[in-house]
Amino acid sequence: VLSTLVVLNLACAGLLISYVLKYVDAIAKVFATSMAMFITPLLSYLFFRTGLSLAMYLGVFTAACGLHLYYMTPQDGAGHDLVLASDPDLAKREIIVAEK
């Protein structure tokens with residue numbers, strides 16, 4: 001019975017993963033895979049009380065920072081109102097207005 005449940009669990013997980021990965025870009029696939037590698041030890045800790053190492057914590061932190069940097073907009077991290085434009089005169093006017 002247990003082996004049947006394991007096979008069904010892995011089959012459902014495979015179908016779910018293939019459905020999700022079909023509609024995302026390549027970088028998001030890498031992030032999804034890396035986050036899955038970090039969810040697995042957390043679930044292992046919750047169900048089997050295995051230890052969590054410092055390397056796992058650092059990996060989760062690094063992946064979370066990478067996800068944040070990938071999905072943030074330029075306005076999130078700029079700290080100022082710098083406008084980039086293809087027309088240099090327009091960009092100069094916008095920068096002057098933003099500085100005032």
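Only this structure's heavy atoms are used, side chains among them; waters, hydrogens and symmetry mates stay out. Quantities reported herein were computed from a predicted structural model and do not represent experimental measurements.
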### Query
Is there a donor-acceptor pair closer than 3.5 Å between any side-chain N or O of S18 and the backbone N or O of G14?
yes

#### Entry: Same apolar cluster: L15 and L8, side chain cutoff 4.5 Å
no

### Query
Is the Lys NZ or Arg CZ of R49 less than 6.0 Å from the centre of Y45's six-membered ring, within 45° of the axis?
yes

### Task
Decide whether I39 and F47 are clustered together by the hydrophobic rule: side chain heavy atoms of Ile, Leu, Val, Met, Phe, Trp, Tyr closer than 4.5 Å, transitively.
yes

### Listed partners of Y19 passing side chain to side chain contact (heavy atoms under 4.5 Å, CB included), at least two apart
Y23

### Message
Is there a path of hydrophobic side-chain contacts, each under 4.5 Å between heavy atoms of I/L/V/M/F/W/Y residues, joining L54 to M56?
### Response
no

### Query
Distance from N9 atom CG to T4 atom OG1, nearest 0.5 Å?
12.5 Å

### Message
Looking at every heavy atom in both L52 and P41, which two are closest together, and how far apart are they?
### Response
CD2-O, 3.7 Å

